[in-house]
Amino acid sequence: MSLLFQLLAAGVVTGCIYALAALGFVLIYKSSRVINFAHGQLIAVGAFIALALTQRGLNFWLSALIAMTLTFFLGVVIERFFLRRMVGQPIISVIMVTIGLASVLDGLMYLTPYASSNNSYPVNFTGSISFAGISLSSAELFAVAATLIFLGGFTYFFNKSTMGVSMRAVSDDQMAAMSVGTSVQRVFALAWAAAGLSAAAAGLILGLKSGLSLAGLAGIGLKVFPVVILGGLDSVLGAVVGGIIIGIVENLASGYLDTLVPGGGTGAVLPFAVLLVVLLVKPYGLFGTKEIERV
Amino acid sequence: MPATRMSQTGNYKTTYRQDQGIFANRKELIWIVLLLVALLLAPLITPRTMLRDFDLIMIFGIAALGLNITTGYTGLINMGQGAFMGVGAYAGVVAANAFNLNLFFALLFGGLSAALIGGIVGLPSLRLKHLYLAVATLAFQEIFTWGVGHSRLLAQGGAIPAPAVSIFGFRDSFLTHNLFWYYLILPILAFLVLVWRNVLRGKHGRSLIAIRDNDRAAAAMGINPATAKLTSFMLGSFYAGVAGVLLAYFSKSVVIEDYGLDVGIKVLAMTIVGGLGSIPGSVFGPAFIIGLDRVMEQVANWLGGLNLFPSGVDVATALRPLSFGLAIMLFLMFQPHGLASWWDKLRQYVTRWPYKS
């Protein structure tokens with residue numbers, strides 16, 4: 001029984017990181033209907049910027065802040081130079097541009113020494129808390145807390161600020177939002193900026209929890225797919241719920257199923273099986289808006 | 001999607017026979033025969049190392065043509081072409097090893113197994129569209145990679161040797177490896193192109209294009225979207241399976257790394273760079289991407305000699321994804337119809353010279 005609780009707790013921790021990663025992904029899809037295959041690379045870029053700064057002797061918190069600011073602007077630049085040209089193009093071209101972007105970012109990261117080695121942030125996050133048979137390291141607790149803060153911040157932003165409300169308006173009905181004077185371009189840029197920022201946050205938290213390697217960080221970009229499909233592609237709440245469910249599924253699988261399967265590693269593949277089932281049974285996910293097609 | 005391309009305005013066909021022909025006119029047939037002769041003679045003047053790239057271009061040309069059938073002609077986005085190649089390769093090679101099949105039965109078996117799996121993976125396409133389908137094929141690719149990596153029968157993704165091939169008394173030897181496969185792959189590619197061209201002019205091919213352009217309208221015209229979509233998936237994965245078997249035999253073994261997600265994305269990039277919905281584009285794309293790889297190797301060698309980068313940086317590993325990604329993005333932003341449209345423009349320029357086209 002204590003194993004079950006331990007796995008559930010670990011699942012929630014992983015799930016929080018997935019939720020944070022999926023948040024940016026959903027923001028982009030929600031406002032501009034673009035599937036971003038470069039999200040994992042954004043996560044990695046943010047994490048590596050912070051690593052580069054801390055290795056130069058800067059305070060970790062300060063460099064985290066700088067990294068998030070830089071990825072914020074990276075998002076704006078990406079939207080301005082690449083995605084804005086693709087408005088109205090067929091879906092496959094848009095997908096492919098983000099794949100190309102992922103490749104370019106990969107290449108740029110390989111030009112630094114960080115991409116081909118394993119690193120960790122030079123900060124001390126030791127000690128752990130245990131209660132009721134569950135033990136969580138302080139890095140894990142920090143991951144949950146930071147995710148909650150970020151999600152709270154974004155929720156506040158969407159519900160209270162003018163820009164947040166106009167983002168919701170654009171995702172609801174682009175034409176109508178345009179006609180009342182909302183700048184759709186500004187909203188798209190902001191969506192990418194927010195995605196960049198939250199991606200960097202996810203990268204930082206993941207880096208604190210389990211170290212920095214390009215494969216591990218960029219791999220999150222693929223893992224968000226089960227999360228967002230389960231939660232619904234255009235739902236922020238769905239990203240959170242989906243993230244936590246997928247995190248729990250992953251941890252339960254590696255806790256209970258790995259012993260049954262030679263070679264193990266079921267945690268990596270089961271989310272994708274969940275994805276396929278969700279697509280067949282309930283394609284728009286738990287909280288997604290159903291697409292209605294008119295001929 | 002690319003607009004219909006015609007060499008001249010208007011349709012000059014006057015009989016049904018002409019309209020139903022595989023080739024547009026006799027002139028085209030002559031050009032194709034000349035092209036084939038040129039390709040048959042090409043190894044005489046190309047160095048042996050370059051011949052290897054020609055072989056790879058043709059193999060990926062088959063895979064890209066298959067993806068073009070699914071994505072370019074039918075509009076179903078498939079990101080798992082690598083996995084379909086893998087299904088073909090594993091089925092073909094394992095069966096060939098177990099039952100002592102010769103190459104052609106291995107190709108057939110690999111292709112048919114891939115088609116069967118393609119039909120199953122295509123099932124979500126009956127309900128899902130566009131990016132949902134892309135995500136479904138992505139999930140299949142991940143599950144395939146994991147499944148092979150965890151099955152003892154398939155050496156857990158490690159190398160399974162492919163049997164040696166001999167045809168009409170010619171054997172695959174170390175010195176003539178690339179040449180041998182050049183003359184083996186070329187007819188297969190030519191045959192598969194001919195098959196697709198033939199399908200394209202008939203009811204089945206045209207119904208795929210109708211589905212791409214508007215599936216509701218196509219259904220209203222009496223085309224069954226379910227059959228058409230599944231046909232497209234099965235045909236596309238058959239081509240992928242054949243390409244996979246060829247790749248396995250050509251590299252003498254089958255390993256999971258050759259059939260991962262990155263391979264599927266590479267084939268997708270080849271198809272887009274070449275031009276979606278274009279047969280010549282299916283070969284131009286692989287030629288461009290593989291050629292780019294070779295050029296970048298040279299550039300990396302040159303840059304690496306300059307000592308510009310800190311230690312621990314391998315310029316070649318950085319340049320490959322960098323140039324690949326840039327190429328895709330630049331093509332999509334400035335030349336969305338791919339190399340095939342350049343080819344058409346060139347052809348028009350030549351036929352209309354000295355008039356401006």
Side-chain angles (χ1 to χ4, degrees), chain A residues 29 33-35 37-38 81-82 85-86 89-117 222-223 225-226 228-229 233 261-266 268-276 279-281 283-284 291 293-295, chain B residues 1 71-72 75 77 79 121 123-124 127-136 138-143 145-147 149-152 156 214 216-217 220 261 265 268-269 272 276 309-334 336:
Chain A
Y29 183 80
R33 306 282 137 179
V34 170
I35 283 267
F37 273 87
F81 285 99
F82 304 117
R85 289 166 182 280
M86 302 308 292
Q89 296 282 333
I91 220 160
I92 181 166
S93 310
V94 183
I95 288 183
M96 218 48 209
V97 163
T98 64
I99 290 179
L101 186 67
S103 212
V104 168
L105 290 177
D106 261 340
L108 289 177
M109 282 186 279
Y110 274 118
L111 283 177
T112 68
Y114 309 114
S116 31
S117 56
L222 278 182
K223 290 204 170 159
F225 281 102
V228 295
I229 292 289
L233 264 173
V261 180
T266 45
V269 77
L270 206 63
F272 285 100
V274 171
L275 192 169
L276 275 185
L279 276 180
L280 282 174
V281 180
Y284 301 107
E291 272 175 43
E293 233 181 313
R294 293 192 180 83
V295 185
Chain B
M1 294 292 147
T71 304
I77 305 173
M79 303 192 60
V121 176
L123 282 178
R127 267 198 88 175
L128 306 173
K129 269 196 200 166
H130 309 312
L131 43 90
Y132 285 95
L133 185 61
V135 175
L138 181 82
F140 165 67
Q141 168 76 59
E142 288 296 305
I143 293 170
T145 313
W146 185 87
H150 283 79
S151 100
R152 288 226 184 89
Q156 290 178 329
N214 190 333
R216 309 273 158 151
L261 177 63
I265 284 176
L268 193 56
I272 286 175
L276 281 171
F309 297 98
S311 65
V313 174
D314 183 16
V315 188
T317 29
L319 274 187
R320 203 169 297 132
L322 199 62
S323 58
F324 174 75
L326 269 182
I328 306 175
M329 290 170 77
L330 292 178
F331 260 99
L332 282 168
M333 288 193 295
F334 299 109

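There is no contact between V34(A) and chain B, counting heavy-atom distances below 4.5 Å. If you measure heavy-atom distances from I229(A) to chain B, the contacts under 4.5 Å come from the side chain alone. Using a 4.5 Å cut-off between heavy atoms, F225(A) touches chain B through its side chain atoms alone. Heavy atoms closer than 4.5 Å to chain A are found in both the backbone and the side chain of L326(B). Of the atoms belonging to Y114(A), not a single heavy atom falls under 4.5 Å from chain B. With a threshold of 4.5 angstrom between heavy atoms, L322(B) approaches chain A through its backbone and through its side chain. For a residue to count as touching a neighbouring chain, one of its non-hydrogen atoms must lie under 4.5 Å from one of that chain's; by this rule L319(B) does not touch chain A. For chain A, no part of A220(B) is nearby; none of its heavy atoms comes within less than 4.5 Å.
By number of non-hydrogen pairs under 4.5 angstrom with chain B, the leading residue of V94(A), V269(A), L276(A) is V269(A). Chain B forms more heavy-atom pairs under 4.5 Å with one residue of L101(A), L105(A), L108(A), L270(A) than with any other, namely L101(A). When the candidates L268(B), L330(B), L123(B), L133(B) are compared by the number of heavy-atom contacts under 4.5 Å with chain A, L268(B) comes out ahead. Highest contact tally toward chain B, considering only M109(A), M96(A), R85(A), is held by M96(A) [criterion: heavy-atom pairs under 4.5 Å].
Taking OG1 of T145(B) as the start and CZ of F272(A) as the end, the distance is 9.5 Å to the nearest 0.5 Å.
Residue pairs that meet the side chain to side chain donor-acceptor pair (under 3.5 Å) test with at least one member in residues 93-104 of chain A, sequence neighbours left out, do not exist here.
For the pair L222(A) and L261(B), the minimum side-chain heavy-atom distance is below 4.5 Å. Contact annotation: the side chain of I99(A) approaches that of M79(B) to within less than 4.5 Å [non-hydrogen atoms, C-beta and beyond]. The shortest distance between side-chain heavy atoms of L131(B) and Y29(A) falls below 4.5 Å. You'll find the side chain of Y132(B) reaches within 4.5 Å of the side chain of L233(A), heavy atoms only.
The two residues Y110(A) and T317(B) make their nearest non-hydrogen contact at CD1-O, 3.8 Å. Of all heavy-atom pairs between M333(B) and F81(A), the closest is SD-O, 3.8 Å. In this structure, G325(B) and V104(A) approach most closely via the heavy-atom pair C-CG2, 3.6 Å. Nearest heavy atom pair, residue A136(B) against residue L279(A), reads CB-CD1, 3.5 Å.
Shown here are the side-chain hydrogen bond (donor to acceptor under 3.5 Å, both in side chains) partners of E142(B), two or more places apart in sequence or in another chain: there are none.
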